[in-house]
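Report on one structure; see the data block that follows.
Atoms within each ligand, like the ligands themselves, are counted from 1 in listed order.
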Amino acid sequence: MAIVTSTEMFKKAYDGGYAIGAFNVNNMEIIQGITEAAIEQRAPLILQVSKGARSYAKHVYLMKLIEAAVADAEETAGFDHPICVRLDHDDSCELCKSCIDGGFSSVMIDKSGESFEENIRITRQVVEYAHDHGVVVEAELGTLAGVEDEVNVKAEDSSYTRPEDVQEFVERTGCDSLAIAIGTSHGAYKFTAAQCTRNEKGELIPPPLRFDILEEVSRRLPGFPIVLHGSSSVPQEFVKIINANGGKMPDAVGIPEEQLRKAASMAVCKINIDSDLRLAMTAKIRQHFAEHPDHFDPRQYLKPAREAIKEMVAHKLIYVLGCNGKA
Ligand code: G3H
Ligand code: 13P
Ligand code: ZN
């Protein structure tokens with residue numbers, strides 16, 4: 001099967017009260033771990049590539065690996081397994097165009113840091129080019145906090161999405177889905193300790209997501225697919241393994257799974273997860289080296305790392321996104 005757009009996936013997800021997992025990919029083991037979980041769980045899938053991933057691995061390598069995953073899915077699953085390939089967070093038309101020309105079925109233009117008018121102007125340009133090529137576009141309104149390679153927004157520069165803006169934005173841009181800011185944030189340190197409370201185990205409990213904003217957005221955009229970025233849960237079991245094996249990630253905290261499940265049952269059709277993949281992989285590799293200090297063959301530590309990604313993704317598909325069995 002060819003790579004598909006997210007249009008059909010989102011329609012079914014919206015109507016079915018679940019969300020599609022959009023997982024960031026950077027190398028073969030990550031792609032395999034995610035795809036194997038999606039095949040086993042019969043879950044529709046979005047593989048997404050950031051600007052940083054593209055400069056780390058090169059477009060051609062990632063594209064060939066993703067094509068291999070699609071072929072493997074078809075062969076293993078024995079049916080057309082829907083997989084969408086998406087550019088994550090581009091702030092320039094040029095990269096979007098290059099990914100559209102290079103075989104992606106979806107792109108994200110992220111001009112959320114610009115003025116409303118400038119965001120509309122650039123998003124519209126990308127939408128025109130993308131739609132002419134059969135590609136769908138995700139845009140963003142409101143600004144998430146968080147720091148990663150290519151995404152770096154300080155908490156004081158972040159802002160929630162204003163529901164009163166969404167209808168005009170979608171109408172004037174023609175975008176196919178909209179990422180909104182309701183309190184999620186990129187990276188493994190989503191909230192400062194001061195923003196959280198602590199439970200009886202001393203773990204940080206973050207402030208709740210702004211479901212009132214999500215409700216108002218979906219009231220104004222009935223049937224329209226909403227996206228949540230920055231939605232890793234930062235599982236504490238991974239953080240503990242990392243810290244117990246030479247790592248240093250104090251007070252890493254994410255979005256509680258039950259809040260994501262609630263969002264998935266509402267208008268949220270796509271949930272972006274990257275940091276949790278990094279944590280699963282790093283925890284397993286650190287643990288492996290601590291237990292086997294003599295190992296030096298990358299296959300010895302990348303195989304369990306790939307397995308850890310697969311397990312973690314399967315858990316998300318079933319218990320957080322609710323998209324298992326929907327492919
Ligand atoms: O939202 C950002 C993604 O997690 C990608 O991160 O730019 O470090 O590849 P990256
Ligand atoms: P996390 O850092 O929470 O995994 O978010 C990933 C993301 O939004 C990718 O676009
Ligand atoms: Zn993001």
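In this structure R286 satisfies the side chain to side chain donor-acceptor pair (under 3.5 Å) test with no other residue, sequence neighbours excluded.
The ligand atoms of ligand 2 that sit less than 4.0 angstrom from a heavy atom of H229 are 8 (O), 10 (O). The distance from ligand 1 to the heavy atoms of D88 drops below 4.0 Å at these ligand atoms: 1 (O), 2 (C), 3 (C). For ligand 2, the atoms lying closer than 4.0 Å to a non-hydrogen atom of H89 are 10 (O). Atoms of ligand 1 found under 4.0 Å from any heavy atom of D274 (numbered from 1 in listed order, with element): 3 (C), 4 (O), 5 (C), 6 (O). Applying the 4.0 Å criterion to heavy atoms of N24 picks out, from ligand 1, the atoms 3 (C), 5 (C). The atoms of ligand 2 that sit less than 4.0 Å from any heavy atom of S275 are 1 (P), 2 (O), 4 (O). Distances below 4.0 Å separate heavy atoms of D88 from the following atoms of ligand 2: 9 (C), 10 (O).
Of the heavy atoms in N24, only side-chain atoms (C-beta onward) come closer than 4.0 Å to ligand 2. Counting heavy atoms under 4.0 Å from ligand 2, residue S231 touches it through the backbone alone. At a 4.0 Å heavy-atom cut-off, ligand 2 touches I273 through the backbone alone. At a 4.0 Å heavy-atom cut-off, ligand 1 touches H89 through the side chain alone.
Geometry about the Zn ion (ligand 3) gives an angle of 120° between ND1 of H229 and NE2 of H186, rounded in steps of 10 degrees.
Electrostatic pairing of E36 and R306 does not count as a salt bridge here, judged by no charged N lying under 4.0 Å from a carboxylate O. Ion pairing of E258 with R261 is absent here, as no side-chain N (NZ or NE/NH1/NH2) approaches a carboxylate O to less than 4.0 Å. Salt bridge K97/D101: absent, no basic N to carboxylate O contact under 4.0 Å.
Within the 4.0 Å heavy-atom shell around ligand 2 one finds Q48. Close to ligand 2: K190, with a non-hydrogen atom less than 4.0 angstrom away.
Checked against a 3.5 angstrom limit, the closest N/O atoms of H186 and ligand 2 fall inside it.
Side-chain atoms of N324 and Y319 form no donor-acceptor pair, as typed in the model, at a separation below 3.5 Å.
Among residues at least two apart or in separate chains, side chain to side chain donor-acceptor pair (under 3.5 Å) pairs with a member in residues 204-222 are R210-D212, E216-R219, E216-R220.
In this pair, H295 and H288 present their aromatic rings tilted. The plane angle is within the 30 to 60° band.
By the criterion of side-chain heavy atoms lying less than 4.5 angstrom apart, applied directly or through intervening Ile, Leu, Val, Met, Phe, Trp or Tyr residues, I180 is grouped together with I273 in one hydrophobic cluster.
With atom 8 (O) of ligand 1 as the reference point, the heavy atom nearest to it among R278, H229, M108 is part of R278.
No option in H229, Q48, K51 other than H229 meets the side chain to side chain donor-acceptor pair (under 3.5 Å) test with H89.
Here the closest heavy-atom approach between residue N24 and residue D88 is recorded as ND2-OD2, 3.0 Å.
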